[in-house]
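One structure is given here, and the rest of the page talks about it.
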Amino acid sequence: MRAGEEEGRPLPEDLLAAARRSEEGERGRLTVYLGYAAGVGKTYTMLQDALQRRGEGVDVVIGYVETHGRPETEALAARLEAVPPAAVDYMGISLREMDLDAVLERHPQIALVDELAHTNAPNSRHIKRYEDVEELLHAGISVYTTVNIQHVESQNDAVAQITGIRVTETLPDTLLSGADEIRLVDITPEELRLRLSAGKVYVRDMAEAAISRFFSTGNLLALRQLALRYVATATDRQMIGHMRARAIPGPWPAAERLLVGFRPGPTAGQMVRAGYRLAARINADWVVLTVDVEGDRPLTVRERAWLTEALETGRRLGGRIVRLRGEDVADEILRYARRNNVTMIMLGKPRGVDILFSPVYRVLRRSRGVDLFLYEPKGDLVRIPIHRQVPRFLSWDYAASLVLIAAAWGASILLRGAVQPELLLILQLLPVVVTALFFRRGAALFAAALSILAFDLIFVKPYYSLTIEDWSYFAAFAGYVVIALVVSRLAARLRRLLPRIRESEAEVEAVAGLSRDLARAATRQEVFDTLARHMQGFAPGSSAVLVPGPAGLRVQAGAAAYPLTAKERSIAQWAYENGEAAGRMTDNLPSGAGHYVPIRAHRPIFGVMAFAFDDPEEVLTPENKETFQTMALLAALALERMD
């Protein structure tokens, strides 16, 4: 038991969490009305609660509500003030969307925003409506909103397995986990089916057969159970937070840590979401890990897309992203697990040809003291060609080994009779050592075995036979194998460490080096210049520090010729005003060419880090995005100290 618990006082980390929540006092409160299917009454219940709050003197406005022509819902909505929706023309079709700027200008105490997972019309400020909601919350406007369980990202695979229908509009669980209140709107499946028969349930873009299949009693029972469990988990998190903040004693289990190891494939995203659900269920820290195998085939465009999508999913769901490089997937997974106190490992269940070569079996045999979970993919699978499933056993390093061995043979034949056989044996050792130093372990063992056989066949009596008369040669042959194993192991470790050392150097230069230089900065301009200098050394491209001026954001440090067009300036301005990253490879205004990170720690926001990389897809990885956030935080803390 820790000291804070013995004295009946909250722990420091719990007080810090409470302090952070109090710092966000100006942020609006988010209330989510969660249902298990369309028609349970989410919008109706939300409108009823809104009318009650208005009766209490609270300023309530409809930002966007979809009544679907239901008379009862329309009657409630008519009693509340509504901000007219914006008309967006797309390919000759007029689409209705929430007028975000009008709601911000009206600035009510509570805004009602229906259908949280909705995808906005093209060319809107945000791709998703939940991002509009986040902007309202940042502006200090509380939001009432609605969503069904099938739109929650972590539940997407389970819903597809239950109903046979894959929902494409999803929202990250992190948004709901940060909600101030989740209210379950629940009716029995029988009552919902009666509403469906009476025509009171609007189901968009679903054929009649799909409707009958989706709204079957079995499906509705399963979806209802998912919603109940989700709300129960959220309530449990709130209860634990309440107990910790007030130092209420209770049974505190040991901390769990889950590692989700995956390879690029069509089910990688599913597996990451399943890992999040498991981690949330047991309240565990979790890590998303993938291993790049040295000497393996380069990833196809499709595989790179699967990899990026899975890593981004893990990042959005709050997992730690780890990408390793090594010769053996199982070795890297187990090494990371041992060094980071991992208690559970989730891996994909081997399928197809992978059953013969999967590293899962090696992890299973060697993961003593660690629980192992095998994930079974859900739904229809994309088939991977057989040649992509089979490991690459023979490659250019084996061919190079053959060339080296042939050269040693040739030299030995030329020197035969001129030198002692023992010296020829040493000559045969050279290709083994060279192969072990520069190539994979398998190639080194291959070279050792082939050299032994060739030497015995050609240079050891009886000639042209594998029989050994002098057993001293046998001892030498055994030494061959030992030397090959030792050298290849040391060389493999060196090859594994060198890329990590280079990556660590870059990270140290970007973070620790920046922190050291910022400590010496005496003025705000020196802070901006220091930050810009470290930004420029990150990757090829243009970068600058933007700060507010009379005419909007301007370049304060860095590349004076940064391509700050009117469009890029507006994206950077949004990042500055809302305190969130925007632009390329983000969910906020992603059509921009640049990537913009606000410089903030608490309040205020001092400016924006602007990046226009030559190869943004290569540079803007989840790991690098976290590094940019850290750099911005360090600069903001340095600026706060000067105020």
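Residue numbers count from 1 along this sequence.
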Determine, for [X] against [Y], whether the closest basic-nitrogen to carboxylate-oxygen distance falls under 4.0 angstrom.
X    : Y    : result
R129 : E97  : yes
E190 : R193 : no
D331 : R362 : no

With no hydrogens and no angle check, just 3.5 Å: does a side-chain donor-acceptor pair link [X] and [Y]?
X    : Y    : answer
S154 : D173 : yes
D114 : T43  : yes
Y64  : D132 : no
E134 : H126 : no

Taking all non-hydrogen atoms of both residues into account, name the closest pair between [X] and [Y] and its distance.
X    : Y    : result
I62  : A77  : CD1-O, 3.6 Å
L620 : R584 : CD1-O, 3.8 Å
V360 : L374 : CG1-CD2, 3.6 Å
L364 : S367 : O-OG, 3.5 Å
W574 : A581 : CZ3-O, 4.3 Å
L220 : F215 : CD1-O, 3.6 Å

Could you tell me the separation between the [atom1] atom of [X] and the [atom2] atom of [Y], rounded to the nearest 0.5 Å?
X    : Y    : atom1 : atom2 : value
L47  : E74  : CG    : CD    : 11.0 Å
E580 : H138 : CD    : NE2   : 4.0 Å
L228 : R224 : CG    : CZ    : 6.0 Å

Residue R229 excluded, over 12 heavy atoms near CZ under 6.0 Å: no

Would the number of heavy atoms belonging to other residues, nucleotides or ligands and lying under 6.0 Å from CZ of R183 be above 12? yes

Just wondering, do [Y] and [X] contact through their side chains at under 4.5 Å, heavy atoms?
X    : Y    : result
L259 : V322 : no
L104 : I141 : yes
W306 : T300 : no
L176 : Y230 : yes
T73  : H68  : no
L34  : V147 : yes
V342 : V287 : no
V88  : N123 : no

Please verify the inter-ring angle class for H595 with F628; under 30° counts as parallel, over 60° as perpendicular, anything in between as tilted. tilted

Check: [X] side chain, [Y] main-chain N or O, donor-acceptor pair, under 3.5 Å:
X    : Y    : value
Y36  : I187 : yes
T145 : V113 : yes
E169 : T119 : yes
D328 : A330 : yes
T188 : E191 : yes
S142 : R29  : yes
R96  : P85  : no
T586 : G583 : yes

Which is it for D157 and Y375 under the side-chain contact (heavy atoms from CB on, under 4.5 Å) test, yes or no, and what are the steps along the way? CA-CA 12 Å; D157 299 325; Y375 173 72; 4.2 Å; yes

Working for side-chain contact (heavy atoms from CB on, under 4.5 Å), residues L311 and F262: CA-CA 10 Å; L311 292 175; F262 74 95; 3.9 Å; yes

Salt bridge (charged side-chain N to carboxylate O under 4.0 Å, His left out) assessment of E332 paired with R335: CA-CA 5 Å; E332 296 301 323; R335 184 178 295 109; 2.9 Å; yes

Would E135 and R125 satisfy salt bridge (charged side-chain N to carboxylate O under 4.0 Å, His left out), going step by step from the backbone distance to the final call? CA-CA 11 Å; E135 187 165 346; R125 184 150 78 219; 3.0 Å; yes

Face-on cation placement of R316 at Y276 ring, 6.0 Å and 45° thresholds: no

K625 and M585: side-chain contact (heavy atoms from CB on, under 4.5 Å), yes or no, with the steps? CA-CA 10 Å; K625 289 178 183 178; M585 303 290 286; 3.9 Å; yes

Might you work through the side-chain contact (heavy atoms from CB on, under 4.5 Å) test for L347 and I333, ending with a clear yes or no? CA-CA 10 Å; L347 300 173; I333 290 175; 3.9 Å; yes

